[in-house]
Amino acid sequence: MNFIPPDFAPASSEIFMLIMVCVVMLADLTAGENKRYVAYLLTQITLVGCTILTFLSFSTETSQTFSGMYVDDSMADILKLMVYGTVSAVLIYSYAYISDRGMLRGEFFSLILFATLGMMVMISASHFLTLYIGLELLSLSLYALVALRRDSIIATEAAMKFFVLGALASGFLLYGMSMVYGATGTLHISQLAQIIQSEASSKEVLVVGLVFIVAGISFKLSAAPFHMWAPDVYQGAPTAVTLFIGSAPKFAAFGFVMRLLIEGMGEMVADWQGMLVILAVMSMAVGNIAAIAQENIKRMLAYSTISHMGFLLLGFISADSNGYSSALFYVIAYVLMTLGTFAMIMLLCRTGFEAENINDFKGLSKRNSWYAFITLLLMFSLAGIPPMIGFYAKLSVLQAVVNAGYIWLAVIAVLFSLIGAFYYLRIIKLMYFDEPETDEPITPNSEVKILLSANGFAVLALGIFPQALMGLSLYAIQNSM
Amino acid sequence: MSFEFPLLSLVIWLPIVFGIAVFVTGDDRNAHLARWISLAGSVLGLLVAFPLYTGFDSTTSTMQFVESHIWFERFNVNYHVGVDGISMPLILLNCFITPVVIGAGWEVIKERVSQYMGAFLVMSGIVNGVFASLDAMLFYVFWEASLIPMFLIIGIWGGPNRVYAAIKFFLYTLLGSLLMLIAFIYLYQTSGGSFSIQDYHQLAIPMTPQILIFIAFLLAFAVKVPMWPVHTWLPDAHVEAPTGGSVVLAAILLKLGGYGFLRFSLPIAPDASQFLANMMIALSLIAVVYIGLIALMQVDMKKLIAYSSVAHMGFVTLGFFLFNSYGIEGAMVQMISHGFISGAMFLCVGVLYDRLHSRQIADYGGVVNKMPTFAAFFMLFAMANAGLPGTSGFVGEFMVIMGSIKVNFWYAFLAATTLIFGAAYTLWMYKRVIFGAVTHSGVEGLEDISKREFALLAILAISVLWIGIYPYPLTDVMHATIDHLLIHVSNSKL
C-alpha cells in the first residue's frame, strides 16, 4: 500500500503559523525578563510571513486538501489577509498598554497567535470537524486571554462567564451538527449541499439541526438574544484583549457563517432566512437601545457591536452574492472602526489609570485636537453618516435588503440606526462641547501615532473612494461561490 | 462631449480646500491668519461662482455646466453635477452668504477661530454640492455631510443650552433623511440600477409607491424647511447657535428643504404631489397663520425671527403646491429673499447681542438714541420682513398670493394674513427694542455699529432693495426651468 502524502500547499500559512507559535514560546522562555519585546517582534514577523505565504498561494482557483476537509479559495485568502493585518494592528496598538500592565509576556503573544490560527482554520474549513476545531482553538485562546490578569476579579468573572456561555454555544453547535449528520450522513460541507439539494434527507431533522446551528452561530456573533456574554466580557477583559476580541474574530465569524449556512445549507434558505430576520431585528433593538444607558465606554461599544452584528446579518438575508459581499464589506468597515475606537480608549489610559468611563473623553478636543478629530471621524462612521465608510457599509446592506423585497426591514434598520446615532453623538459632545477634567498629555509612541492617524484617515478616505473595497468584497464572494 | 473647464467642481471644492487650509493653521495663536485665509476663500468662492450666472443660458431648462465621472461602479454611482434655473440662484445665494458669515464672526469669535471659520467654509462647499448634485447618492452624501459642521458650530460656539439644541438638530434631520435614503434605494431598484436624478424624473411609478416615496421625501424635506408640525427643532437651534450659525441656518440650510421639493418630490412623484397637494397647502397655511401668531408672543428676539422664518417658509411650500408658475416662481423668489432678510435680521440681533449679551426684547429699549445708523438698517430689514413693497420680501409673498388666488380665494385670504401678522410681530418687536426712552443702563453705554458691521449690513440692504425693485434678473434665469417643471408635473407618471 502506497502512502500518498496530502498536499500541504493550501495550508502552508497555517503550518508556518503553528511552527512559529512554538518558536515564540521558546524564544520568550530563553529571552530574559527585560527582553520581552523579542516575542512581540517574532509575532509580527510571523504575521508578515503568513501574509507573504498567503499572498504567494493566492489564486482564483479553489483547491482542496486533506481529503476535502480543508479548502483554499479567494474568499479564504482575502479573509486571512484581513485577519493578519488586523492582528498586527492590534499588537501595535496594545504594546504600550500591555507593557504598562505587566502583560508583556510570551503567553499573551502565543495565545493571540493560537487564536489567529483558529480563525484561519475556521475560514478555510470545508468539513464540520475542521470548522469546530478551528472555532474551539479560537475560543479557548480567547477565554485564556480574558483571564490573563488573574488577580483582577472583574476579568476573572468575565472569563468565567465567557467560558460557560461559550461552552454552551459550542454544545449547541455540536448538537446541531450531529442532527445534520444524522439526517444526511456526511460532515463534508460540499457533499452536504448536494444531499440537501437532492432532498434525500429527512427535512424535519435537518431543520432541528439548523435551529441549533443558527443558535450557536448567534452566540459567536453576539447577536441578540444570545448576546449576554458580550457586555461583561468587553468590560471585564483588559482593553487590549477587548480590542482583539472585537476585531479579528469578526472576519472568522463571517467565514464561519459563509461556510456553514451559505455553502453548506444554502438550499435551506427559506428556513434560516426567517431566523436571521428575527435575530437581526432583535440585535439592532437590544444593541442600540441598551447602549444609550451605558456609562462605561467598553460596555457601550459591546452593545454597539451587538447592533452592528444585527446589521451584518441583514446582509445574509437577501441570500445572493450581492448581499454576502455587502456583509463582507460591512465586516471590513466595522473592524476598521472598532480598531480605531479601542485604540483611542487605550490612548487615554495611563499607567495606573484605566479609561473606562465615557466621561474620560471629556474635552478631548482641547487636550489634543488631532486625536479628537480622528475619534470624531470614527464616531460619525459608526453612526453611519456620510462621507465616512460606515455609511457605505450601511448603504450596501440596505440595498441588498431592499433588493430582496424587505423594505419594511430596511425601514426598521434605519430607525434603529437613528437611535444608535445618539450615543455616538454623545461621545462627540463630550469631546467637543465639554471642558476637560484633566490636562494629562496624550503621548503615544510613534507607531501608534502613525497607525491611528492612518486608521482614522482610512475611515474617511475609503468613504470618499469606496469602490476598491466594495470591488474586493464582491470579488472575494463571486470567486468562491 | 468636449472638455470643459470644471467650473462647478471648483465652486464646490474651493471652499472645502480653503476650509481645510484654515483648519491646518491650528490653534488661536494663528487666529489672524485663519481669519484672512477664510475671508480670501469665501470671497474667491463667490468670484468663481459668478460665471455660473454670466454663462447661464436662461432660455433652456436643461442642465448646464454638467460634469459626469464614475464615482463607484459597484452601485453605478456617478459624480454627476450640473445646475439649472432652480439650483443656480441658490448656489449664488450660498456663495454670497459665506463671506458675510465670515465677516460676522471676525472679531466676535475669539476661541477656536480656525475651527469656526473652517467649519463654515467646508459647509459652504458641501451645500453647493447639495444644490449641484444630479446623482441621488452624491446628493445624499452632501446632504448628510452638511449636518456635521452645523452640529459642531451649534454645539461648540452656541449658547447655554447648546448641547440639547445641537443633538436635537442632528437627530431630527437625520430621521427625515434616513427614510429618504430608503426611497433612493427603492428607486435604484425600480429604475434598474441607476442613481441618476434625471432618470428618476422619467420613471413611471404606480400610485401607492409614489405616495410612499412622496412621504419619505416629505419627512426629509419638511424637517429641513421646516414645516409645521416638525419645526420645533428650529427655534432651539437658532436661539443657541452663534450669530453666524443662525445666519447660515436660516439663509441657506432651510433652502435645502425647499430645493428638495422642487428637485425630488414634485418631478419624481407628480401624481402623489397633486393628490396630496391639499394636505401640503393646509400644512403651509397653518405655518403661515399659526406660527405667525406664535411669533407675536415671543420675548426672545432670535426666537421671534426663527418663528417668522417658519412662517415665511410656509409661503414657500404653499407656492410649490399651487402648481402654477406664479406660485413656484414666487416661492423661489421668496427663498432667495428670505435668505437675505433672515440673514440680515439675525445679523442685527447679533450686533445687539455682541454688545449686551442678551436676546431678550425686554432688556432693550431706546436703542435708536445710541445707535442711529444701526436703527436705520434694522428698520429696513424689519420692513422687508413684514413684506413692505419695494423690498424683496414683498415680491415673493405677492407672487405666491397671486398664485393662490387663482386656485382658491380662501387660500389667498389666509396667506395674506401674513401681511398683518408679519408686520405686527416684526414691527412690534422693532418698536420695543429700538424706540422709546432708554430704560436700561446697558443701552446707555451702546456704541453704534463699526465699519465692519456697516459693510455687512449695507451689502445685505442693497440686495434686499435690488430684488424688491428689479427682480427680473432673478426671475429670468428660473423661468424656463420652472415652466418645464410645471409641464412635467402636469403629466401623469402612472
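The sequence lines fix the lettering, A, B, ..., with proteins before strands; numbering per chain opens at 1.
- Of the possible donor and acceptor atoms, one in the side chain of B/W71 sits under 3.5 Å from a partner among the backbone N and O of A/I464.
- Contact tally against chain B (heavy-atom pairs below 4.5 Å) for A/F465, A/F380, A/W370: the top residue is A/F380.
- When side chains are defined from C-beta on, B/L212 does not count as touching A/I407, because their heavy atoms never get closer than 4.5 Å.
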| task | Show your reasoning for whether side chain to side chain contact (heavy atoms under 4.5 Å, CB included) applies to B/L178 and A/K394. | result | CA-CA 11 Å; B/L178 282 171; A/K394 287 212 157 78; over 6 Å; no
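- When the shell of 6.0 Å around OH of B/Y259 is examined, it contains more than 12 heavy atoms from other residues, nucleotides or ligands.
- Contacts of B/I182 with chain A are made by side-chain atoms alone, with heavy-atom separations under 4.5 Å and no backbone atom involved.
- Contacts between B/Y140 and chain A at a heavy-atom distance below 4.5 Å involve backbone atoms as well as side-chain atoms.
- Both the backbone and the side chain of A/L418 have a heavy atom closer than 4.5 Å to some heavy atom of chain B.
- Ranked by heavy-atom pairs under 4.5 Å with chain B, the first of A/I385, A/L415, A/I419, A/D434 is A/I385.
- For the residue pair A/S369 and B/R112, no side-chain donor N or O sits within less than 3.5 Å of a side-chain acceptor on the partner.
- Using a 4.5 Å cut-off between heavy atoms, A/K366 touches chain B through its side chain atoms alone.
- B/L174 touches chain A through backbone and side chain together, each having a heavy atom under 4.5 Å away.
- Both the backbone and the side chain of A/S396 come within contact range of chain B, judged by heavy atoms closer than 4.5 Å.
- Ring planes of A/F433 and B/F151: tilted class, angle from 30 to 60°.
- Both the backbone and the side chain of A/L395 come within less than 4.5 Å of a heavy atom of chain B.
- No side-chain donor from either of B/R74 and A/S473 sits under 3.5 Å from a side-chain acceptor of the other.
- If you measure heavy-atom distances from B/A166 to chain A, the contacts under 4.5 Å come from the side chain alone.
- For the set A/N403, A/V401, A/V402, A/N322, the entry with the most heavy-atom pairs within less than 4.5 Å of chain B is A/N403.
- If you measure heavy-atom distances from A/F422 to chain B, the contacts under 4.5 Å come from both the backbone and the side chain.
- Looking at B/F170 and A/I428, their side chains never come closer than 4.5 Å, going by heavy atoms from C-beta outward.
- For B/E73, the parts lying near chain A are the backbone and the side chain together; criterion is any non-hydrogen pair under 4.5 Å.
- Among B/L175, B/I185, B/L147, the residue with the largest count of heavy-atom pairs under 4.5 Å with chain A is B/I185.
- With a 4.5 angstrom heavy-atom cutoff, B/L152 touches chain A via backbone and side-chain atoms both.
- For B/F75, the part lying near chain A is the side chain, with the backbone staying farther off; criterion is any non-hydrogen pair under 4.5 Å.
- Interface remark: of the candidates A/Q399, A/R426, A/M470, A/Q399 forms the most heavy-atom pairs closer than 4.5 Å to chain B.
- Aromatic rings from B/F72 and A/Y392 are positioned such that their centres are separated by under 6.0 Å.
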